[in-house]
> 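Before I ask anything, let me first share the structure, which is written out below as structure tokens.
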Amino acid sequence: MSRLTHIHAPDGVAPATAYTHVVTGTGRLVAVSGQLALDERGELVGAGDAAAQAMRVFENLRRCLAAAGATFDDVIKLTYFVTDTAHMPAVRAARDAYLDPERLPAASAVQVAALISPEFLMEIEALAVVPDEAAAGA
């Protein structure tokens, strides 16, 4: 497991409620491109359904992290791109199904005019830190 420190309330900053203000760590950086609600065949999952799309996006993130030897425990930052902020409750519910709500990463949420295609309601990217190979064996 990577060595991460979560700072929920830096001095002079209001405590975070649905994310962590600062996450630091040592190890190898893993950047996961924005994931869409596509299944393994490239087909849309959950047309018009923010909850279904969010669950598939987090499943895709999980698979991408695993390919790099990481888990959601290693994630230090999530960036949410949503076409409507009304989708954020569905995003948070999916996030909480995959991540420990007591150790949430830093996060940013951005409402965008559109994504690559109008049927997509959200795209989410992740940054993670995993132990260096040498450090993992120590």
Side-chain angles (χ1 to χ4, degrees):
M1 182 177 196
S2 62
R3 306 217 189 294
L4 300 182
T5 301
H6 291 72
I7 304 169
H8 297 280
D11 288 342
V13 178
T17 57
Y19 60 94
T20 299
H21 280 295
V22 181
V23 182
T24 64
T26 57
R28 180 173 47 89
L29 182 65
V30 175
V32 178
S33 292
Q35 295 297 301
L36 298 166
L38 294 171
D39 66 16
E40 57 277 356
R41 295 176 307 280
E43 296 176 12
L44 175 67
V45 172
D49 183 341
Q53 286 198 23
M55 288 301 289
R56 183 59 203 206
V57 167
F58 273 93
E59 177 58 18
N60 289 349
L61 287 168
R62 184 194 68 74
R63 290 172 186 222
C64 290
L65 289 165
T71 70
F72 279 110
D73 288 341
D74 302 310
V75 172
I76 60 171
K77 175 85 176 3
L78 291 170
T79 304
Y80 309 104
F81 302 94
V82 294
T83 58
D84 188 329
T85 55
H87 303 320
M88 287 306 297
V91 169
R92 287 186 195 106
R95 178 206 61 202
D96 290 350
Y98 281 85
L99 282 86
D100 178 356
E102 298 299 315
R103 297 187 73 238
L104 293 175
S108 296
V110 181
Q111 182 172 330
V112 296
L115 293 166
I116 192 70
S117 188
E119 65 265 14
F120 297 116
L121 305 177
M122 66 199 63
E123 181 173 332
I124 303 172
E125 63 186 25
L127 288 175
V129 175
V130 295
D132 286 321
E133 307 294 327

> Determine whether more than 12 heavy atoms belonging to other residues, nucleotides or ligands lie under 6.0 Å from atom CD of E102.
no

> Rounded to the nearest 0.5 Å, how far does OH of Y80 lie from CD1 of I124?
6.0 Å

> Measure the CG-CG distance between L121 and D49 for me, rounded to the nearest 0.5 Å.
8.5 Å

> Between H21 and Y19, what is the ring plane arrangement, given parallel below 30°, perpendicular above 60°, and tilted in between?
perpendicular

> Restricting to non-hydrogen atoms, name the atom on D132 and the atom on G27 that form the minimum distance, rounded to 0.1 Å.
OD1-C, 3.5 Å

> Grab the two heavy atoms, one from A90 and one from A54, that are nearest each other, plus how far apart they are.
O-CB, 3.6 Å

> Just so I know, are the side chains of Q35 and R63 near enough to count as touching, which here means a heavy-atom distance under 4.5 Å?
no

> Minimum heavy-atom separation for P101 to L104, with atom names?
O-CG, 3.6 Å

> Tell me every residue that passes salt bridge (Lys or Arg N to Asp or Glu O under 4.0 Å) with R92, counting only those two or more places apart in sequence or in another chain.
none

> Working to the nearest 0.5 angstrom, can you tell me the gap between M88 CE and R95 CZ?
7.5 Å

> Compare all side-chain heavy atoms of V32 with those of E125 and state whether any distance is below 4.5 angstrom.
no

> If hydrophobic clusters are built from ILVMFWY residues whose side chains come within less than 4.5 Å, do L36 and V82 share one?
no

> Can you tell if the side chain of L38 reaches within under 4.5 Å of the side chain of F120, non-hydrogen atoms only?
yes

> So which atom in A106 and which in V23 form the shortest heavy-atom distance, rounded to 0.1 Å?
N-CG2, 3.6 Å

> Nearest 0.5 angstrom please: I76 CD1 to H6 NE2, how far?
9.5 Å

> Please work out which of the three classes, parallel, tilted or perpendicular, describes the rings of F72 and F58, given edges at 30° and 60°.
tilted

> Counting C-beta onward and ignoring hydrogens, is there a side-chain heavy-atom pair between V45 and M55 closer than 4.5 Å?
no

> Please determine which of V75, D73, T71 meets the side-chain contact (heavy atoms from CB on, under 4.5 Å) test together with L65.
V75

> Determine, for R56 against E59, whether the closest basic-nitrogen to carboxylate-oxygen distance falls under 4.0 angstrom.
no

> Which heavy atom of A114 sits nearest to which heavy atom of T83, and what is that distance?
CA-CG2, 4.4 Å

> For S108 and K77, work out which heavy atoms get closest and say how close.
OG-NZ, 3.2 Å

> Mind checking whether Q53 and L44 have side chains closer than 4.5 Å, heavy atoms only?
yes

> From L4 CG over to R103 CZ, what is the distance, rounded to the nearest 0.5 angstrom?
6.0 Å

